[in-house]
Amino acid sequence: MTVRVRIAPSPTGSPHVGTAYMGLFNYAFAKSHNGSFILRIEDTDQTRSRPEYEDGIFKSLKWIGLSWDEGPDKGGDFGPYRQSERTEIYQRHVESLLHNHKAYRCFCTAERLAEMRAYQRANKLAEGYDGYCRDMGQEESERRLKNKEPHVVRLMVPDLGECVMEDRLRGPICYDFKQIDDQVLIKSDGFPTYHLANVVDDHLMKVTHVIRGEEWVSSTPKHILLYQAFDWTLPEFIHLPLLLNPDGSKLSKRKNPTSVEYYRDAGFLPEALLNYLGLMSYSRPDQQEKFSLDQFVSDFNIDRVSLGGSIFDLQKLKWLNARYIRENYSPEQLWDQLSAWRLNSEYLSKMVPMMQNRLHTLGDLIPACAFLLATDVEHDPAILQSKNRDASTSAELLHTVLLALEDMECWEADLIKANIEKTASFHQIPIREITSMLFVAVSGMKVAPPLYQSMELLGKDMTRRRIQNAISVLGGLGKKKIKKLEEKWAAARHNSETISDKAVDNE
RNA sequence: GUCCCCAUCGUCUAGAGGCCUAGGACACCGGACUUUCACUUCGGCAACACGGGUUCGACUCCCGUUGGGGACGCCA
């Protein structure tokens, strides 16, 4: 049997280090068994998937040094490798489930489901779909289908019994079917959910080992049920522990830089990052901490992974990166790396127009722009804090900026400006009050080149990180405050969207 | 809240019942080297969550407690 494994990222944001982490272990497992490593794009979420992000995934994985045998950009015998191009396949498969009464159409509206959940929560009942449409007659189901009533297709999960899944690292894990509700397989837009698409594709692509993050453990019973419904052989399941924030929670961009692009922009070498990832929950038999991808693969043994989640420790990453810099490069080679990074005329020349009026001598350029070429900047709370506000309010303002920038897909000065303006109007304060502080947060200095252009040049992830650091220098924000602020922000955004929608309608 | 997973220094980890007075690495603290800094080097600090079993013997096996995390979406 040829080993075939895959990673299946969804293109809904900057490529995540967690994806690279899973990629590394899948790659190592495949290559150490002379198997194939597949890249599949899970873009079934039509509202969030973006082609630019897909491209970002390709680039980041290549940058870090991982290559795949089959994928959307490479082809292969089991394509297409982009789920949005496989809808017809899922339709066909779900028809057979419908036919065999393993699944059913559900016409419940979002409103009804929301009410149901509210009721369940209020009465402290188990949350999950209540099976309202489950026993609908075939005739009614067909009739409403012909009427083009919006609906989803749900998996028929048994009421009784239990599902035992075998995890290679954890042994048998037992789930009671009572705890599992009827999972949606096809959304009302006709696209499959992850659960359906992943099972169908893994089977059709002859995936032998499903190596993925621990967050998937609890949905594995649904997947097993699907394999059984189709009468397919199960792959082997291997759930790897998660990468963690310093506080022990799942690594998240709210608290930490998570995108591979951040590490690139911050000046880390791809092989050091990849090497560091290979240290997470894993140790080589010889205890070596610095190793190449080939070395990692050569004696890779998935049974050596330890089960506790690993905190992603920037300090140790920096130490490893430093070792690569001094041990693996001649000065000439290092210069090549530096110019591939930001010390090149393409990047540096962008500073010139924004600095021209500010230069007294040519030598003024670099000191003033140093923050654009730095991994981190030092924040002085005394100058960071807004003059007429306390540290906590200042932090709150900065956090709002983070929220405003979060969903930006296109990182350009004009759009950044527009989003900062939103922040100001949200707090009903002059934009100055925010920008003056933001200057310091982003640059670490009181005097800096134009803000929005600097942010554009720095890059989204670096900018985020600077602001996060600034917030923590200001003493951080409590969980409650953050939650409250985020709710208010979401509500305000919702309102402004409905207002602008109406405006469009009126026209 | 319910279900599931996990548990060795602050962090990453070694440890497959006696090899453990628990080893290594990062960070931190000292010393040496160095015009300075860095590198290097020597040393130090620092952990088996707790309670019960099993056993001649538990870091290691079993049970419980506690703690942490994850999942409970027409997101993946």
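Rounding to whole angstrom units, CG of residue L279(A) and P of rG24(B) are separated by 17 Å. E327(A) places its CD atom 11 Å from the C1' atom of rU40(B), with the value rounded to the nearest Å. We find that CE of M280(A) is positioned 11 Å from P of rA14(B), with the value rounded to whole Å. The distance from atom CG of L169(A) to atom P of rC6(B) is 10 Å, rounded to the nearest whole Å. Between Q287(A) atom CD and rA25(B) atom C1' there is a gap of 9 Å when expressed in whole angstrom units. Going from atom CE of M165(A) over to atom C1' of rC3(B) covers 14 Å, rounded to whole Å. Between I311(A) atom CD1 and rG10(B) atom P the separation is 11 Å, expressed in whole Å. As rounded to whole Å, 18 Å separates atom P of rA25(B) from atom OH of Y324(A).
With a cut-off of 3.5 Å on both pairing distances, the Watson-Crick or G-U wobble partner of rU2(B) is rA71(B).
Here the CZ-CG distance, from F300(A) to L24(A), works out to 7.5 Å after rounding to the nearest 0.5 Å.
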For this session: Show your reasoning for whether salt bridge (charged side-chain N to carboxylate O under 4.0 Å, His left out) applies to K318(A) and D376(A).
Result: CA-CA 12 Å; K318(A) 277 190 186 174; D376(A) 292 310; 3.1 Å; yes
Close N or O pairs between protein and nucleotides 42-47 of chain B (under 3.5 Å):
none

Review item, nucleotides 26-31 of chain B N/O atoms under 3.5 Å of protein N/O:
| residue | atom | partner | partner atom | Å |
| --- | --- | --- | --- | --- |
| rC26(B) | OP1 | W319(A) | NE1 | 3.4 |

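Of the options H93(A), H203(A), K102(A), a side chain to side chain contact (heavy atoms under 4.5 Å, CB included) to F230(A) is made by H93(A) and by none of the others.
Counting only distance, with no hydrogens or angles, the side chain of N256(A) and the backbone of S252(A) share no donor-acceptor pair below 3.5 Å. In this structure a side-chain-to-backbone donor-acceptor pair under 3.5 Å is present from T208(A) to R4(A). Under the 3.5 Å distance criterion, the side-chain polar atoms of Q468(A) are matched with a main-chain donor or acceptor of K253(A).
Of the residues in residues 301-310 of chain A, R304(A), S306(A), L307(A), G308(A), G309(A), S310(A) come within less than 4.0 Å of RNA chain B through at least one heavy atom, sorted by number.
A distance of about 8 Å separates the C1' atoms of rC61(B) and rG17(B), rounded to the whole Å. Rounded to whole Å, the separation between the C1' atoms of rG43(B) and rC5(B) comes to 41 Å. For the C1' atoms, the distance from rU8(B) to rA47(B) is 6 Å, rounded to whole Å.
Contacts of E409(A) classified as side chain to side chain donor-acceptor pair (under 3.5 Å), with partners at least two apart in sequence or in another chain: R50(A). For W63(A), there are no ring-ring contact (aromatic ring centres under 6.0 Å, His included) partners, not counting sequence neighbours.
More than 12 non-hydrogen atoms from other residues, nucleotides or ligands lie less than 6.0 angstrom from CD of E52(A).
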Exercise. Which letter, B, S or -, goes with each nucleotide of nucleotides 66-76 of chain B from 5' to 3', with contact meaning a protein heavy atom under 4.0 Å?
Worked result: ---SSSSSBBB
